[in-house]
Visitor: 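Encoded as structure tokens, here's the structure I'll be asking about.
All chains are named by letter (A, B, ...) in the order of the sequence lines, taking the proteins before the strands, and each is independently numbered beginning at 1. Keep in mind that this is a model prediction, so the values were computed, not measured.
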Amino acid sequence: MQESTLIKQHQFCTFFLEELFFGIEVEKVQEIIRYQQITRVPLPPPEVGGLINLRSQIVTAIDLRRRLDLPEYSGESLPLNVVVKIEEEIISLLVDEVGDVLDVSDDRFESPPDTLTGKIRQLIRGAYKLENCLLLILDVEKTVDLTAF
Amino acid sequence: MEIDEDLKAFLVESNDNLNQIEGDLVALEQNPTDEELINRIYRNLHTLKGNCGFLALEKLESVAHAGENLLTRLRDRQLSLNPEITSSLLQVVDSVKQILTSLESIGEEGDRDYKALVEKLHGLEESRNLQEETSEETPEEEENLTIYQSSSIVDKTVRVDVDVLDKLMNLVGELVLCRNQILEFTNQKNDTALADTSSRLDLVTTELQEGVMKTRMQPIRTIWNKFPRLVRDLAINLGKQVQLEMEGEDTELDKTLIEAIGDPLTHIVRNCVDHGIESTPTRLAAGKPASGKILLRAFHESGYVIVEIGDDGGGIDPEKLKLKAIEKGLITSDRAARLNVREALNLIFLPGFSTAKRITNLSGRGVGMDVVRTNLEKIGGTIDIYSNLGRGTSFKLKIPLTLAIIPTLIVTTGGDRYAIPQVNLLELVRLEGEQARKGVEMVHGAPVHRLRGKLLPLVYLNKELKLDTSECNSSADNHETLNIVVLQATNKSFGLVVDSINDTQEIVVKPLGKQLKHISCFAGATIVGDGKVALILDVQGLAQSAELLSDKQSSSIIAENTEQEQYGDETQMLLLFEGADNRRMAIPLSQVARLEEFPQEAVERIGQQKVLQYREEILPLIYLSSILDNNVDRDFSVPSVDGKIQVVVVSLGKNLSGLLVENIVDIVEERISVKGAATQEEIKYAAVIQGKVTELLDVEAVIKKALPYVFQQDRSVALSRV
């Protein structure tokens with residue numbers, strides 16, 4: 001990527017969900033923490049996974065699999081929290097596995113591939129073509145606003 | 001929009017100044033020669049004018065300047081205050097407010113024209129100004145000096161952004177939780193040094209918490225300040241004469257609560273002037289002073305702030321309220337006939353109720369007392385009304401000191417813990433075995449429980465929250481035990497069935513994220529001792545979602561009352577005691593406020609009457625022996641066991657009195673089947689309770705005989721409050 005000094009670079013915090021590789025702009029991520037005990041909330045929209053205690057602050061956790069219409073998690077390990085800060089509100093996104101922070105250049109960006117359908121298509125902004133896979137960029141604002149899609 | 005810091009500081013300061021000026025002006029009208037007041041108004045307006053100069057706000061400056069000139073004439077005694085001048089000066093305040101509002105929203109002075117006002121002020125200034133001209137320069141110099149002097153007091157305070165305080169409050173909450181965990185940890189270890197340190201941490205944390213809470217407190221004066229003006233304007237508008245008196249302006253409340261009670265209080269005060277106080281001729285005809293009186297009183301009482309608003313107006317006619325409610329279809333005439341005075345008065349809190357015969361531009365704008373009550377309930381407060389026909393009405397508001405930390409009851413259902421605010425809590429009922437199986441009956445598909453003869457609608461928390469019942473079948477399904485939390489929602493009590501009741505805890509309330517805000521059953525969340533999150537139940541919301549408060553409400557009340565009449569005599573909770581000369585006696589538990597034990601030395605006296613200090617009230621004592629032996633001498637000797645006296649605190653109307661008994665035996669739930677005639681008038685009848693003949697005491701008759709003045713007081717209570 002040395003030749004791409006003129007092309008804008010972006011840093012993404014990455015994570016996995018159901019074999020899919022997602023990224024969120026690193027500026028929007030406050031921290032990543034291991035599994036926290038979740039208090040379930042009765043009567044919520046199904047996408048709400050529950051509430052967690054993040055250093056005495058009560059944070060709503062969104063079950064990203066449900067939000068993206070992915071099948072329920074069947075593996076052994078517990079979900080991790082990607083804690084994001086959107087408009088001064090702190091929200092946790094539950095994910096399967098966390099990847100590295102990646103630098104990617106804008107010339108690799110493309111709008112969502114046509115093969116993507118359903119909620120996922122509405123909630124991602126596009127994809128970066130990486131060596132081995134695609135990095136899907138999550139539209140965090142839309143994702144946490146449960147009234148959108 | 002963004003406004004720069006200088007302007008922001010100016011706005012904050014000017015608003016403060018204006019409020020002060022407004023209050024002082026109204027006070028000045030009552031007391032036109034008070035030089036101190038004139039000087040203060042002048043100084044404040046002068047400061048405001050001076051500040052506008054820096055910010056180049058021409059309109060504002062011209063209005064303030066004209067007002068200031070007029071004040072100079074007043075101050076120099078060249079003019080005397082008349083209603084016209086007061087009104088014009090108040091107009092100055094209004095105009096300045098308008099400009100400030102516009103500055104805050106659009107950053108400019110706005111395009112209103114104030115020339116007419118300025119000219120009117122000039123006109124007034126010149127009006128009787130035929131005496132010698134005084135130089136205007138000298139007094140201004142003097143005033144500048146005073147301004148500097150007063151600023152040294154101001155320097156002691158610092159303005160702090162509320163957000164900073166909120167953050168501090170949060171951090172303290174966090175520290176409190178941390179401290180709790182450390183204390184628990186310390187208890188497990190056997191280390192004196194650690195124990196010492198953690199007990200110091202405990203102390204400091206508590207003090208810090210109190211200190212930070214204090215920073216958020218504001219005197220109730222901040223909302224009362226606007227009332228003198230409000231009452232004055234209203235009264236002039238309506239052609240009435242009204243005096244406003246205030247007591248306890250320094251009573252402090254959390255800032256958020258101050259903001260929340262502003263509107264309800266304004267509404268009530270408006271109502272008092274508009275509907276409460278009669279017109280002057282009516283008042284004179286009724287033999288009252290021409291000028292009506294409104295009294296605002298605020299004080300602390302057992303962890304709450306009480307605000308009373310009373311007037312000495314016409315009072316509320318309960319019969320008229322009933323007619324109105326029937327007319328509006330809010331209740332049936334059957335039900336109306338059964339309402340007692342208190343219940344009838346409470347009709348004004350029903351949605352859709354307004355008694356204003358005519359709609360004035362002041363009240364009756366569709367915002368009824370129901371909104372007042374809803375707003376108060378939102379912050380965990382309550383409102384009561386007392387009225388005395390022809391003599392006045394008073395409202396009593398009970399408001400928590402703070403919203404940040406509240407006492408709650410922790411319950412468990414479906415494996416999760418929930419916190420219930422204690423302000424809604426009436427009592428806890430636990431049914432076991434046979435009782436649990438038979439305790440729940442179905443009325444038209446709705447579960448109810450007979451609680452002391454009254455039907456209590458039941459709400460199952462797990463069903464209401466749509467919890468997976470398979471996880472919590474242990475206690476709910478096989479009906480081994482039934483835990484009922486009796487809660488009060490608006491006018492309706494109901495029983496909430498939970499799996500288990502844990503304990504009480506003071507919790508720090510935290511708001512829910514916006515994804516969850518719309519769920520009406522929850523008021524927020526909190527972190528309990530072990531660091532886990534628990535949801536706080538919203539009792540009103542819960543009742544609403546269970547449809548207890550919907551249209552069905554009135555019909556269910558009717559049903560309930562009929563049932564109650566039917567079963568009323570069947571079983572009763574009774575307090576058994578030995579009253580006098582070892583006579584076995586009982587009174588219905590519903591008349592008992594509390595059972596207390598006092599040391600004998602606590603008894604004091606007022607004249608012949610023996611009294612006790614009880615919860616910041618003076619409790620008259622009645623010794624049953626002397627009453628029943630027809631010996632009304634109040635100077636009885638007090639019976640005691642080991643220096644302790646047993647007192648049954650009974651309530652009659654709003655008054656508490658203490659029945660001095662020899663021995664409290666038991667509390668029983670009994671079906672009274674065998675009745676015998678009474679032998680004296682203070683006894684209702686004799687009955688067989690627990691296999692022994694027991695006399696049922698007529699509490700009302702006893703109090704009437706022992707404390708005849710209490711009854712008179714009770715009748716005049718509405719008046720004595722104003």
Side-chain angles (χ1 to χ4, degrees), chain A residues 28 30-31 33-68 72 78-79 81-94 119 123 138-149, chain B residues 163 166-167 169-181 412-419 460-469 471-472 507-522 524-538 541-542 545:
Chain A
K28 291 181 183 160
Q30 176 181 306
E31 62 194 297
I33 45 173
R34 64 192 155 78
Y35 173 76
Q36 298 285 308
Q37 190 145 28
I38 295 179
T39 303
R40 61 178 176 156
V41 183
L43 313 169
E47 293 90 342
V48 175
L51 296 172
I52 59 169
N53 171 7
L54 177 69
R55 294 187 302 276
S56 295
Q57 202 168 1
I58 293 175
V59 173
T60 312
I62 292 180
D63 188 328
L64 215 47
R65 279 175 168 270
R66 290 197 194 148
R67 183 72 183 117
L68 298 175
E72 293 283 312
L78 293 163
N81 295 281
V82 175
V83 181
V84 294
K85 195 169 187 181
I86 309 292
E87 290 161 11
E88 295 303 302
E89 190 166 15
I90 295 170
I91 295 153
S92 160
L93 304 173
L94 300 178
K119 273 194 184 169
L123 295 178
L138 200 66
D139 186 332
V140 193
E141 284 81 1
K142 265 193 202 170
T143 307
V144 300
D145 181 2
L146 299 181
T147 51
F149 306 104
Chain B
D163 288 346
D166 284 347
K167 195 156 184 201
M169 190 71 212
N170 268 334
L171 286 171
V172 168
E174 204 166 315
L175 186 66
V176 167
L177 293 171
C178 215
R179 184 237 2 225
N180 293 350
Q181 276 163 6
T412 307
T413 279
D416 289 325
R417 276 171 299 178
Y418 298 92
Y460 287 84
L461 187 58
N462 54 5
K463 282 187 199 154
E464 218 40 66
L465 300 181
K466 303 195 173 61
L467 296 173
D468 196 356
T469 37
E471 281 175 48
C472 52
I507 57 158
V508 182
V509 182
K510 311 228 167 190
L512 289 172
K514 64 170 177 256
Q515 291 83 2
L516 299 172
K517 273 221 167 101
H518 62 277
I519 306 178
S520 64
C521 290
F522 304 123
T526 189
I527 295 162
V528 281
D530 59 3
K532 284 188 205 147
V533 179
L535 286 157
I536 303 164
L537 294 179
D538 182 328
L542 204 61
S545 85

Visitor: With only heavy atoms counted, which part of A:Ile38 is less than 4.5 Å from chain B, the side chain, the backbone, both or neither?
Guide: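 Answer is neither: A:Ile38 stays 4.5 Å or more from chain B.
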Visitor: If you compare all heavy atoms of B:Ile519 against all heavy atoms of A:Leu43, which two are closest, and at what distance to 0.1 Å?
Guide: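 Looking at all heavy atoms of both residues, the shortest contact is CD1-O, 3.4 Å.
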Visitor: Under 4.5 Å heavy-atom distance to chain B, tell me which part of A:Ile91 shows up: side chain, backbone, both or neither.
Guide: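 The side chain, not the backbone.
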Visitor: Looking at CD of A:Gln57 and NZ of B:Lys510, how far apart are the two atoms once the value is rounded to the nearest 0.5 Å?
Guide: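 Rounded to the nearest 0.5 Å, the CD-NZ separation comes out at 7.0 Å.
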Visitor: To the nearest 0.5 Å, tell me how far A:Asp145 CG sits from B:Lys514 NZ.
Guide: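 These two atoms lie 6.5 Å from each other.
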Visitor: Should B:Leu512 and A:Val41 count as side-chain neighbours, where that means a heavy-atom distance under 4.5 Å?
Guide: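 Not in contact.
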Visitor: Evaluate the side-chain proximity of A:Pro42 to B:Leu535: yes if any heavy-atom separation is below 4.5 Å, no if none is.
Guide: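 Side-chain contact under 4.5 Å: yes.
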Visitor: Within the supplied structure, the quantity of interest is the number of heavy atoms (other residues, nucleotides, ligands) at a distance under 6.0 Å from A:Lys28 NZ; does it exceed 12?
Guide: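 Counting other residues, nucleotides and ligands, NZ of A:Lys28 exceeds 12 neighbours.
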Visitor: If every non-hydrogen atom of B:Gly513 is compared with every non-hydrogen atom of A:Glu89, which pair is closest and at what distance?
Guide: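 Scanning both residues, the minimum pair turns out to be CA-OE2, 3.1 Å.
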Visitor: Please state whether the side chain, the backbone, both or neither of A:Gln36 comes within less than 4.5 Å of a heavy atom of chain B.
Guide: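 Contact with chain B: none, neither part.
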Visitor: Would you mind reporting whether A:Asn53 and B:Lys532 have side-chain heavy atoms less than 4.5 Å apart?
Guide: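 With C-beta onward as the side chain, the pair stays apart.
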Visitor: Treating A:Thr39 as the side-chain partner and B:Val533 as the backbone partner, does any N or O pair qualify as donor plus acceptor under 3.5 Å?
Guide: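 Yes; judged by distance alone, with no hydrogens or angles, the pair exists.
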Visitor: So what's closer than 4.5 Å to chain B heavy atoms on A:Val48: side chain, backbone, both or neither?
Guide: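 Side chain of A:Val48 only, per the 4.5 Å heavy-atom cut-off to chain B.
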Visitor: Name the region of A:Val59, side chain, backbone, both or neither, that has any atom closer than 4.5 Å to a heavy atom of chain B.
Guide: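 For A:Val59, there is no contact with chain B at all, as no heavy atom is under 4.5 Å.
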